[in-house]
Amino acid sequence: MRTFDVAVIGGGINGCGIARDAAGRGYSVSLTEQNDLGSGTSSWSTKLIHGGLRYLEHYEFRLVREALAEREVLWGIAPHIVRPLRFVLPLHAGLRPAWLLRIGLFLYDHLGGRKRLPGTRPVDLSGPIGAPLKSEFRRGFEYSDARVDDTRLVVLNARDAEARGAEIAVGTRVVSVRREGDLWRIVRRELRTGREEEIAARFLVNAAGPWVDRVIQGPLGRSEAKHVRLVQGSHIVMRKLYDHDRAFIFQNADGRIIFAIPYANDTTLVGTTDRDFSGDPADAAITEEEIAYLLSAASEYFATPLRREDIVWTFSGVRPLYDDHASAAQEATRDYVLKTDGAAGEAAVLNIFGGKITTYRKLAEDALKEIGQRLGARGRSWTGGAALPGGDFAVDGVAELEARLARTAPRLGAATVQRMVAAYGTDALRIASNLGPDLGHGLHEGELRWMMDREWARTAEDVLWRRSKLGLAFSPDEVAALRARIASMTGRTDGAMAAAV
């Protein structure tokens with residue numbers, strides 16, 4: 001039986017971030033994910049690295065300060081998938097007054113030690129920036145945050161963890177866990193083949209996201225556990241709503257906010273909602289009520305009302321927020337809580353509740369403190385200064401890298417060059433050295449093989465919706481052809497592959 005220092009359950013951003021940090025400090029690590037990496041909450045976010053402007057209203061100053069500081073850290077280690085983004089906040093008569101917003105934005109500019117991102121400025125919405133809006137919106141503010149390809153952030157953390165010695169087991173479910181003295185005995189099953197194996201670990205991390213309580217109640221056998229409040233957040237993706245590169249943040253009369261963000265393939269992302277959820281998080285789907293809410297809320301601002309027929313995609317995910325008994329879903333804390341269980345001398349388990357993509361790296365550092373207390377500390381914090389795969393270039397070097405890729409592979413169109421640099425950074429140059437045939441919309445066989453060989457992609461869904469957003473471009477016939485190509489490359493056709501997309 002193989003024995004690891006640390007076994008992680010869950011291949012979302014928290015699990016992969018912890019695996020990366022632990023492996024880099026010299027611990028032996030195994031991570032188990034029952035589906036695809038980032039296929040739960042981590043792939044259904046609003047795709048932002050942000051401080052959380054509205055959290056200031058709930059006095060979560062520590063969370064906001066930590067998140068604001070992390071924006072530039074993550075931009076520095078992953079400048080390909082993290083990009084600065086300017087947000088426009090129109091003033092809305094009858095809602096938060098200008099003086100209050102100015103105070104909030106002043107705090108937002110200064111709490112996190114901002115260095116490279118530009119600060120807040122008043123903006124005249126009678127010009128091109130406000131052209132998409134109704135005529136009554138003529139003043140506002142513009143401030144900085146950043147966007148991120150959320151699932152690629154997960155995958156790159158997993159890649160770096162593996163490069164530093166971690167084992168990553170995808171498509172594998174933990175079916176039982178038992179504590180025997182100072183070791184955990186973990187039985188897990190590969191879902192495609194049904195093959196089971198048992199491993200041992202000195203420390204267990206439950207990073208199962210919205211399934212964290214199910215792991216506690218199931219494999220860990222603690223039936224009374226209830227620590228998370230499941231909150232569903234849904235988004236709609238519209239045909240492109242405007243032409244400039246800013247995002248909008250809109251206040252609503254119910255106290256909530258929504259975003260409108262330039263998105264892939266000439267679309268605009270609009271979201272998110274906040275509603276309590278019960279049931280299996282895997283079954284989360286946008287409701288008619290949520291669609292109507294987002295269309296109505298955005299139409300309060302845009303001069304041309306949003307139409308349902310212009311929706312090209314929707315997605316919905318469940319956030320595992322720590323249950324702080326807040327009265328409304330949007331008021332529940334986005335901070336994380338770590339709880340370690342296990343008496344001295346026996347194997348310990350760390351259960352992770354809540355958290356957000358922006359602060360995943362800090363969460364991992366806090367988890368390593370818990371691990372170090374039980375197993376003995378190894379190394380120092382290091383992840384904030386080490387580039388993620390493909391991120392070994394300057395934050396202002398995107399245009400130069402795109403030019404290098406265009407010279408390396410002159411048959412790539414400009415849109416594909418931009419997409420590949422945004423996904424792979426400097427690794428795009430390696431992929432371009434052996435592109436092979438174009439399988440559609442700039443996805444070449446060499447890139448597909450890279451995803452399968454190095455990024456654990458197994459199905460068309462993994463490729464089109466998590467490793468990329470090319471699902472917005474592929475037709476049903478093209479999807480079917482991609483499935484067939486994957487089957488020929490793997491030598492098998494399984495139910496999961498046939499059901500993908």
Derivation of the side-chain hydrogen bond (donor to acceptor under 3.5 Å, both in side chains) call for E370 and T340: CA-CA 7 Å; E370 298 287 324; T340 302; 2.6 Å; yes

pair D427-R430: side-chain heavy atoms closer than 4.5 Å: yes

Nearest heavy atoms of V318 and A284, plus distance in Å: CG2-CB, 3.6 Å

Any R86 side-chain heavy atom under 4.5 Å of S144 side chain: yes

Residue that, paired with Y143, satisfies ring-ring contact (aromatic ring centres under 6.0 Å, His included) out of F248, F106, Y108: Y108

Result of checking V205, I352, L350 against V8 for side-chain contact (heavy atoms from CB on, under 4.5 Å): V205

Expected output: side-chain E346 to main-chain A343 donor-acceptor under 3.5 Å: yes

Salt-bridge present (K362, E66; N to O < 4.0 Å): no

Under 3.5 Å donor-acceptor, T358 side chain and H50 backbone: yes

N-O pairing of R378 and D5 below 4.0 Å: yes

Sole candidate of W313, W44, F315 that passes ring-ring contact (aromatic ring centres under 6.0 Å, His included) when paired with W465: W313

R467 and W456, any side-chain heavy atoms less than 4.5 Å apart: yes

Nearest atoms (heavy-atom pairs only) where I486 meets T459: CD1-C, 3.7 Å

Salt-bridge present (E167, R188; N to O < 4.0 Å): yes

Heavy-atom pair with the smallest gap, counting every atom of Y424 and E447: OH-OE2, 2.7 Å

Sidechain-backbone polar pair: N35 side chain, G40 backbone, donor-acceptor under 3.5 Å: no

Donor-acceptor pair, side chain of T3 and main chain of A200, under 3.5 angstrom: no

Aromatic ring proximity F87/F259, centre distance under 6.0 Å: yes

Considering all heavy atoms, the nearest E365-S381 contact: OE2-CB, 3.3 Å

